[in-house]
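Scroll down for the structure; my scribbles are underneath it.
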2 protein chains.
Amino acid sequence: MSEVKRPKDQLKAHIRAQNQTLILETSERVFARQGLAKTTTQMIADEAGLPKANVHYYYRSKKDLLEAVLERILRLWLDSVSEFNVEEGPRHNLTRYISEKIDQSRTNKNASKIFAMALIGEESFVLDYLRSLFVTELSREKATIQIWVDQGLMQPVSTEHLFISIWAMTQTYADFDAQVKIMLQKDNLEEIDYEDAKLFITRMVLAGCGVTE
Amino acid sequence: MSEVKRPKDQLKAHIRAQNQTLILETSERVFARQGLAKTTTQMIADEAGLPKANVHYYYRSKKDLLEAVLERILRLWLDSVSEFNVEEGPRHNLTRYISEKIDQSRTNKNASKIFAMALIGEESFVLDYLRSLFVTELSREKATIQIWVDQGLMQPVSTEHLFISIWAMTQTYADFDAQVKIMLQKDNLEEIDYEDAKLFITRMVLAGCGVTE
DNA sequence: GTCTATACCTGGATAGAC
DNA sequence: GTCTATCCAGGTATAGAC
């Protein structure tokens, strides 16, 4: 009722925020490790050092919790990749975009896997999110690429298939890292492997798009 | 005990083979649709028109059943893609390889999804299979590509990253078809979409590898 | 080889004391 | 806000009649 928060309310709000963050971060790890369906609220509670009922206090159902985790991931996802900057031209932009996507795969492997699992399982929450996102985002990228094509800086390409390919190639190093490790015959992926991936993918994309500048 | 099968044994063997096939084909659909963990033996039994106990009679546990499904998929997987033919050169071989992989994604979408789900979940069965496969397969492809490089038909590339990229790009049209549909703003992927994908991916790969012939 | 009935267990979710 | 105890649904797997 009161407009001004009293100390007690602030304390409560603090505890709430702290616990929610703990639960979300723990969930992200467990979901990524165990898979969405195999994960139990008990596992999350144990790993967070909380009783199970406590988890259900903050997130009524497992579905609610998963959606909160997904929302957190998707927001972070967007913030960590730069938008295209027309003036800098295709070479610079595409190179940076690929580099940032690979870095994202590396530093947020769990997030990437959860996203992939939700997508393959066609979780409506994620599909709705993508639908609302793509209409705005993609049309802008499309316009930018058209400008570069008109300027003769690159050849005309299908923006849709270009992005589908870039996402597929960069995310595979996070989502299917088990396969990548087997291919490279390594127990763990290192800095050099990610750099090799960047170089290879960038080379293919730039050559495939006929980027001149 | 007897070396020669009697009619009754043959009949039994027939029934067994027929039921196993029915169960495996049904499982493939259900696993792909519901996800590995969410799928219950009850669902499979219902969709196959069999009592649940019957499913457990042929496949003692759900794990056994999943492994049988995976084995079936992986065998089919290998058979449907041609090996490289040195004499025909890189352009022809890579173009065909990509085309066949896309066709595979299209005609065996369920198989591809199950494989992807097992891989992302790091199912040891699949990892072991890949490990034993890659050592033999990849080294041969690597040798072939080296020959083409020596002949000046293409530039030197990392065979590992090349295959990782091709697999990622082609499989994404099966595994993450929900995302692709949103991107292309279509309710269903058609012939033309797969052909566009083939053209785009082939163009990138050939250009990226500097294929001349 | 088939199928009903059931044992046994695990998981999600909540009531209610603190 | 915390946590113990518990309910109940649904899952795997099998025993045993046919």
Report task. Please examine the side chains of A:Leu133 and A:Leu78, heavy atoms only from C-beta on, and report whether any two atoms are closer than 4.5 Å. Result -> yes

Query raised in the report: Looking at side-chain heavy atoms only, is the closest gap between B:Leu162 and B:Cys209 below 4.5 Å?
Result: yes

Query raised in the report: With sequence neighbours excluded, what pairs up with A:Asp128 under the side-chain hydrogen bond (donor to acceptor under 3.5 Å, both in side chains) test?
Result: A:Arg131

Requested in this report: Could you tell me whether B:Tyr129 and B:Trp77 have their ring centroids closer than 6.0 angstrom?
Outcome: no

Requested in this report: Can you sort out the partners of A:Phe134 under ring-ring contact (aromatic ring centres under 6.0 Å, His included), two or more places apart, ordered by chain and number?
Outcome: A:Trp167

**Report entry** Those residues that, when tested against A:Lys186, pass side-chain hydrogen bond (donor to acceptor under 3.5 Å, both in side chains) (two or more places apart)
**Finding:** A:Glu190, A:Asp193

Query raised in the report: Any salt bridge (Lys or Arg N to Asp or Glu O under 4.0 Å) pairs touching residues 93-102 of chain B, not counting sequence neighbours?
Result: B:Glu88-B:Arg96

Report task. May I ask you to say whether A:Glu123 pairs ionically with A:Lys63, meaning some side-chain N is under 4.0 Å from a carboxylate O? Result -> no

Query raised in the report: Which of residues 38-50 of chain A sit near DNA chain C, with a heavy atom under 4.0 Å from it?
Result: A:Thr39, A:Thr40, A:Thr41

Query - For chain B, the stretch of DNA chain C it reaches, first to last nucleotide, under 4.0 Å of its heavy atoms - result: C:dG1 to C:dT4

Report summary line: Residues at least two apart in sequence or cross-chain that pass ring-ring contact (aromatic ring centres under 6.0 Å, His included) with B:Tyr173, listed by chain then number, are A:His161

Query - Partner set under ring-ring contact (aromatic ring centres under 6.0 Å, His included) for A:Phe31, not counting sequence neighbours - result: none

Query raised in the report: For residues 57-64 of chain B, which residues have at least one heavy atom under 4.0 Å from DNA chain C?
Result: B:Tyr57, B:Tyr58

Requested in this report: Mind jotting down which residue pairs meet the salt bridge (Lys or Arg N to Asp or Glu O under 4.0 Å) criterion with at least one end in residues 14-26 of chain B? Sequence neighbours excluded, please.
Outcome: B:Glu25-B:Arg72

Query raised in the report: Of the residues in residues 15-37 of chain B, which ones touch DNA chain C at a heavy-atom distance under 4.0 Å?
Result: B:Ile15, B:Arg16, B:Asn19

Query raised in the report: With a 4.0 Å cut-off, would you call B:Asp175 and B:Lys109 a salt bridge?
Result: no

**Report entry** A:Asn93 side chain to A:Asn85 backbone, donor-acceptor under 3.5 Å
**Finding:** yes

**Report entry** Lys/Arg N to Asp/Glu carboxylate O, A:Arg33 vs A:Glu47, below 4.0 Å
**Finding:** yes

Which pairs, protein N/O on one side and nucleotides 6-9 of chain D N/O on the other, fall under 3.5 Å?
none

Query raised in the report: Checking ring pair (Phe, Tyr, Trp, His ring centres under 6.0 Å) for the pair B:Phe176/A:Phe115: CA distance, chi angles, key distance, verdict?
Result: CA-CA 11 Å; B:Phe176 303 116; A:Phe115 177 71; 8.0 Å; no

